[in-house]
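Inspection log for the structure reproduced underneath, given as structure tokens.
Read the numbers this way: they start at 1 and go in the same order the structure lists the ligands and their atoms.
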Amino acid sequence: MSKKFRVAIIGTGMIGSTAHAPAWSALPDDVELVATADILPERAESVAAGFDIPNHYGDPQKMLDEIQPDIVSVCTPNCYHKPLTIAALKAGAHVLCEKPIAPGYADAKEMYDVAESVGRELFITQTARFSGDSFAAKEYASKGMLGDMYYAETATLRRRGIPKWGVFHMKEHNAGGPVYDIGVHALDMLIWVMGNPKVVAVSGQTVLKFGNKDENLATSLFDSGADAGLLFEPRPYDYHEFDVEDFASGYMRLENGGSLVLRTSWAANVQQGAGSTFILGTEGGLMWDPLRYISNQGRYMADSTPHVPSGPGKAFAGHYQYMAHAVRVLRGEEEKIVKREEVLNVIRALDGLYASAEVGHEVQID
Ligand SMILES: NC(=O)c1ccc[n+]([C@@H]2O[C@H](COP(=O)([O-])OP(=O)(O)OC[C@H]3O[C@@H](n4cnc5c(N)ncnc54)[C@H](O)[C@@H]3O)[C@@H](O)[C@H]2O)c1
């Protein structure tokens, strides 16, 4: 039997405790969870206790030095992805870093460069790709069933779904709002299905209209993405600290002459989940939720709904698939799905969106 990978988790908040820890634990033949680390040591300790993990630390570097894990999950707020990922890579571990890889192309590229220089794999958990619909869409596109894909739109619009359990709403810790939280998933999935055309120009808008006010509305953690709830006492939320965008839109030109539109919000006066995701191609189109293939059959226009095999039907199901995939990649059994050039294309496009919003006109990306 092949050796088990010794896995550690840095950042044991919502996603560390309700997605990474259970998803790694679901691979007992391949993985052994060996340590947790969090700057709030009580969180590291309680997740270690909850998942039978033998070591917990308040200092991630000390954990890396003493435990020397084979794989590290980096599950901290966005601004700490880069230093912790690089520290883990330099300590000899492969890294699964949460999305967005980092707030900014230069930092993201440096992370991949370090991974390459030390000969370790860097996986970014763009888990929106890891669903039956996404894999089916990718297959339709790759087999030429869409033809030339010249336009796409995606919308991840929450009516009131600001994540309030951590520091998502603070630039200092996360650098951006829904763009880096849910927009990055939507854009990543769409561009991947389209074959990763390079984004060459962006016209973007970011606004803050609701997040920094007390609307006294009843909201839920589930509506803001904590699909498996919380396993810890959340940090007290204060809307006065909210200084990221709560809505953004971007029109992106692609190097192949195509274009796409991204819209994303944590708060907007729109029905939860409104807006659609679709790709237009010369041979067919795809629409999401549910996934439909739009084409002609003989003299007739026809829509078909593929019967996509259903997944495990649990919270953060994509993480379970991603961790199993990462193990197979590390064992040399399959090719990496989330590749460097795709992640960098997306993060550079989002840099462009923020830069364009700042200057108020379209910006070229080089
Ligand atoms: N892939 C997905 O679907 C998905 C879903 C939610 C969140 N995320 C991503 O996961 C990351 C964390 O989100 P979350 O909801 O778990 O946030 P969270 O606030 O619940 O948890 C973050 C944890 O990191 C700890 N931390 C902060 N700085 C640290 C440091 N320097 N060293 C060690 N620990 C540190 C905090 O104490 C906290 O426990 C974000 O980047 C977010 O974008 C991804």
Margin query: As an exercise, identify every atom of ligand 1 less than 4.0 angstrom from a heavy atom of Thr125.
Written below: 1 (N)

Checklist line | Atom indices of ligand 1 within 4.0 angstrom of His319 heavy atoms, with elements | finding: 1 (N), 2 (C), 3 (O)

Checklist line | Tyr180 heavy atom under 4.0 Å from ligand 1 | finding: no

Checklist line | Per-residue contact class, Cys75 against ligand 1 - non-hydrogen pairs under 4.0 Å | finding: backbone

Next item on the list: Please could you name the atoms of ligand 1 that Gly166 approaches to less than 4.0 Å, counting only its heavy atoms?
Entry: 19 (O)

Next item on the list: Say whether, by atom type as modelled, one donor and one acceptor occur between the side chain of Asp246 and the main chain of Phe210 under 3.5 angstrom.
Entry: yes

Next item on the list: Is it possible for you to say whether Val199 and Leu280 belong to one hydrophobic cluster, with membership spreading through side-chain heavy-atom contacts below 4.5 Å?
Entry: no

Check: Of the backbone atoms (N, CA, C, O) and the side-chain heavy atoms from C-beta on, which set of Ile10 has a member under 4.0 Å from an atom of ligand 1: side chain, backbone, both, or neither?
Finding: side chain

Next item on the list: Output yes when the distance from some N or O of ligand 1 to some N or O of Met14 is under 3.5 Å, and no in every other case.
Entry: yes

Checklist line | Glu341 with Lys198: basic N within carboxylate O range, under 4.0 Å | finding: no

Next item on the list: Nearest heavy atom to atom 23 (C) of ligand 1 wins, so pick from Asp38, Val74, Thr36.
Entry: Asp38

Note to self: Against Met252, only a single residue in Leu190, Val202, Val200 fulfils side-chain contact (heavy atoms from CB on, under 4.5 Å); can you say which?
What the structure shows: Val202

Margin query: Under a 4.0 angstrom heavy-atom cut-off, which atoms of ligand 1 come close to Leu40?
Written below: 37 (O)

Checklist line | Proximal candidate to atom 3 (O) of ligand 1 [heavy atom criterion; set His20, His185, Gln61, Arg235] | finding: His185

Check: Among protein heavy atoms, which lies nearest atom 21 (O) of ligand 1, and at what distance?
Finding: Gly13 CA, 3.3 Å

Next item on the list: Please assess Thr154 against Leu260 for the test side-chain contact (heavy atoms from CB on, under 4.5 Å), listing each intermediate value before the final yes or no.
Entry: CA-CA 8 Å; Thr154 185; Leu260 65 82; 5.6 Å; no

Item checked: Thr127: numbered ligand 1 atoms lying under 4.0 Å from its heavy atoms -> 1 (N), 3 (O)

Next item on the list: Specify the protein heavy atom at minimum distance from atom 44 (C) of ligand 1: its residue, its atom name, and the distance to 0.1 Å.
Entry: Glu98 OE1, 2.9 Å

Checklist line | Heteroatom distance test (Tyr80, ligand 1): nitrogen or oxygen, under 3.5 angstrom | finding: no

Check: Is Arg160 reaching over with its side chain to a backbone N or O of Ala268, donor-acceptor style, under 3.5 angstrom?
Finding: yes

Check: Can you check whether Ala21's main-chain N or O pairs, donor with acceptor, with Ser25's side chain at less than 3.5 Å?
Finding: yes

Check: Considering only heavy atoms, which of Thr76, Ile15, Asp227 lies nearest to atom 40 (C) of ligand 1?
Finding: Thr76

Output a table of donor-acceptor pairs, distance under 3.5 Å, between side-chain atoms of residues 175-189 and any protein atom two or more places apart or on a different chain; print 'none' if there are none.
{"unit_1": "Asp181", "atom_1": "OD1", "unit_2": "Lys99", "atom_2": "NZ", "d": "3.1"}
{"unit_1": "Asp181", "atom_1": "OD2", "unit_2": "Trp266", "atom_2": "NE1", "d": "3.0"}
{"unit_1": "Asp188", "atom_1": "OD1", "unit_2": "Arg129", "atom_2": "NH2", "d": "2.8"}
{"unit_1": "Asp188", "atom_1": "OD2", "unit_2": "Arg129", "atom_2": "NE", "d": "2.7"}

Next item on the list: Output the list of atoms in ligand 1 that are nearer than 4.0 Å to some heavy atom of His81, sorted by atom number.
Entry: 41 (O)

Notebook entry, point to check: What residue and heavy atom of the protein are closest to atom 32 (N) of ligand 1, and at what distance?
Noted result: Pro60 CG, 3.6 Å

Next item on the list: Identify, by atom number and element, the atoms of ligand 1 in contact range of Phe232, meaning under 4.0 Å from any of its heavy atoms.
Entry: 20 (O)

Check: Is there side-chain contact between Arg331 and Phe5, with heavy atoms separated by less than 4.5 Å?
Finding: yes

Next item on the list: Considering only non-hydrogen protein atoms, determine which one is nearest to atom 42 (C) of ligand 1 and report residue, atom name and distance to 0.1 Å.
Entry: Lys99 O, 3.7 Å

Margin query: Is the contact between Gln126 and ligand 1 made by the side chain, the backbone, both, or neither, using heavy atoms and a 4.0 Å cut-off?
Written below: neither

Notebook entry, point to check: With only distance considered, is Trp165 within less than 3.5 Å of ligand 1 through an N or O on each side?
Noted result: yes

Next item on the list: List the closest protein heavy-atom neighbour of atom 28 (N) of ligand 1: residue, atom name, distance to the nearest 0.1 Å.
Entry: Ile39 CD1, 3.4 Å

Check: Nearest protein heavy atom to atom 31 (N) of ligand 1, by residue and atom, and its distance?
Finding: Leu84 CD1, 3.9 Å

Next item on the list: Not counting sequence neighbours, list each pair that qualifies as a side chain to side chain donor-acceptor pair (under 3.5 Å) and has a residue in residues 302-321.
Entry: Glu98-His319

Margin query: Within the 4.0 Å heavy-atom shell around Asn78, which atoms of ligand 1 are there?
Written below: 40 (C), 41 (O), 43 (O)

Next item on the list: Check the pair Tyr354, Glu245 against side-chain hydrogen bond (donor to acceptor under 3.5 Å, both in side chains), reporting the backbone distance first and the verdict last.
Entry: CA-CA 10 Å; Tyr354 280 119; Glu245 81 280 355; 2.9 Å; yes

